[in-house]
Asker: 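Okay, handing you the structure first.
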2 protein chains.
Amino acid sequence: MIDRRGIQRGETGDVAEDAAGSGAPRDASKRRNGARLLGLDGLHGHLGYFLRRAQVSIFQDFIRTLSEIDIRPAQYSVLLVIAANPGLSQSDVSDLLGIERARLVRLLHRIEKRGLVRRLASPIDRRSHSLKLTTAGRAMLKRAKALAAIHEGRLLARLGSANHKMLIDVLRGFSLSR
Amino acid sequence: MIDRRGIQRGETGDVAEDAAGSGAPRDASKRRNGARLLGLDGLHGHLGYFLRRAQVSIFQDFIRTLSEIDIRPAQYSVLLVIAANPGLSQSDVSDLLGIERARLVRLLHRIEKRGLVRRLASPIDRRSHSLKLTTAGRAMLKRAKALAAIHEGRLLARLGSANHKMLIDVLRGFSLSR
DNA sequence: TATTGTTATACTCTATAACTATA
DNA sequence: TATAGTTATAGAGTATAACAATA
């Protein structure tokens, strides 16, 4: 019989220990590390897998935490970048955050309709927009930052501050390396 | 004028150095760390942001590397898990990998149509399927593993083996912690 | 009553291609 | 020619809700 609990549950206790030395190498993997790691053998060497699971889980918490103001991670990053660099063009934002120009169009429509951002005419290039936060946008960003800090605090507590810092340092370096 | 290069480019050299001490704290952020970090100030405390960028970049490489056999990350993880635990039900796979049961249906349709997986009748529960790889599925997985190893090797070289191992350890622990 | 596989819907996000108006 | 913003399309993936068959 196969244990059904996912690795994310992390339960212990009532798992029947399988007899050791069960035989063929293909089946030996089944219970090797206890129920938690069942079947993930081939995945354990893959950083991308764990990165993905962690990222999804963290974004879920972020979305939940900021749900009262209905700001999602991509929107938050766009607001932050515009606030820090008023006058940025859409292409600038796209390059900075790795968001496709095409996708940014609808994202900006949304937050512009909510009165958080304005697309002004660029004084130097009539093709491009000069992005600015509105007063409402700055106020919203302030609330968003407070909620994001709660989210990040929860994450920090869960990881420990040493791990938290190290992950940011290593992953930021990774991003910069290409 | 604003430098347009994204953080992922990582180029150096021809960036004009801005005059120091440019003034107001809101604008001081613009060039503080050189063009690379332009405008990302508020994001630097957010692990989720760097985790996301890294994950997307790594998955892109994975997809490219396995494109000759048209196997995507989710498909690869499903094939691996079924190979290591023949007889798993769809719910089992769903729980193990954190893939929605509903989404797994179409994913399995695809790889079943390609002749890689079979959904057999479960001997113990007539509601559920017993998932097995076909011979072709095992052969495909073998090729996939070889290509995935190339992908992972590239990642390891880019990160350094110490960072690579540490990231896996920390992030696996994170997943297990809930 | 609860679970398994399934269908369906809505939304986010990535990846492209193409078009227009500018440069 | 190339770039900025835009529109459109296709597909992956998440999040839900509901249903029939079975437990």
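The basis for the numbers below is simple: all heavy atoms, side chains too, and nothing from hydrogens, waters or symmetry mates. The sequence lines fix the lettering, A, B, ..., with proteins before strands; numbering per chain opens at 1.
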Asker: What is the distance from CZ of A:Phe62 to C1' of C:dT12, rounded to the nearest Å?
Answerer: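 So the CZ-C1' distance, A:Phe62 to C:dT12, works out to 15 Å.
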
Asker: Hey, is the side chain of A:Ser91 poking within less than 4.0 Å of OP1 or OP2 on D:dA4, counting only N and O atoms?
Answerer: yes

Asker: When every nucleotide of nucleotides 13-23 of chain D is labelled 5' to 3' by its protein contacts under 4.0 Å (heavy atoms), B for base, S for sugar-phosphate only, - for none, what sequence of letters results?
Answerer: SBSB----BBS

Asker: Please state how far atom CG in B:Leu104 lies from atom C1' in C:dT4, giving the value in whole angstrom units.
Answerer: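 Spelled out: CG on B:Leu104 to C1' on C:dT4 is 12 Å.
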
Asker: Which pairs pass ring pair (Phe, Tyr, Trp, His ring centres under 6.0 Å) with one or both residues in residues 71-108 of chain B, sequence neighbours excluded?
Answerer: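 Qualifying pairs, neighbours excluded: A:His46-B:Tyr76, B:Phe62-B:Tyr76.
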
Asker: With rounding to the nearest 0.5 angstrom, report the CD to CG distance, A:Gln90 to A:Asp95.
Answerer: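 So the CD of A:Gln90 and the CG of A:Asp95 are separated by 12.0 Å.
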
Asker: Would you say B:Gln90 places a side-chain N or O within less than 4.0 Å of OP1 or OP2 belonging to C:dT6?
Answerer: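 Yes, because at least one side-chain N or O of B:Gln90 sits under 4.0 Å from OP1 or OP2 of C:dT6.
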
Asker: Please check if any side-chain donor atom of B:Thr65 sits under 3.5 Å from a side-chain acceptor atom of B:Arg154, or the reverse.
Answerer: yes

Asker: For A:Leu120 and D:dA4, what is the distance between atoms CG and P respectively, to the nearest whole Å?
Answerer: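 Checked: the CG to P distance equals 18 Å.
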
Asker: Report yes if a side-chain nitrogen or oxygen of B:His129 is closer than 4.0 Å to either non-bridging phosphate oxygen (OP1 or OP2) of C:dT3; otherwise report no.
Answerer: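 It does not, given that no N or O in the side chain of B:His129 lies less than 4.0 Å from OP1 or OP2 of C:dT3.
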
Asker: For B:Ile69, give me all partners under side chain to side chain contact (heavy atoms under 4.5 Å, CB included), at least two apart in sequence or on another chain.
Answerer: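 Expected list: B:Leu66, B:Ile71, B:Met140, B:Arg143, B:Ala144, B:Leu147.
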
Asker: Take atom CG of B:Leu108 and atom P of C:dT4, then tell me their distance rounded to the nearest Å.
Answerer: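 So the two atoms are 15 Å apart, to the nearest Å.
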
Asker: Is the shortest side-chain N to carboxylate O distance from A:Glu112 to A:Arg119 below 4.0 Å?
Answerer: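 A:Arg119 and A:Glu112: salt-bridged.
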
Asker: It should be established whether A:His109 places a side-chain nitrogen or oxygen under 4.0 Å from OP1 or OP2 of nucleotide D:dT7.
Answerer: yes

Asker: May I have the step-by-step check of ring pair (Phe, Tyr, Trp, His ring centres under 6.0 Å) for B:His44 and B:Tyr49, ending in yes or no?
Answerer: CA-CA 8 Å; B:His44 278 111; B:Tyr49 173 73; 8.0 Å; no

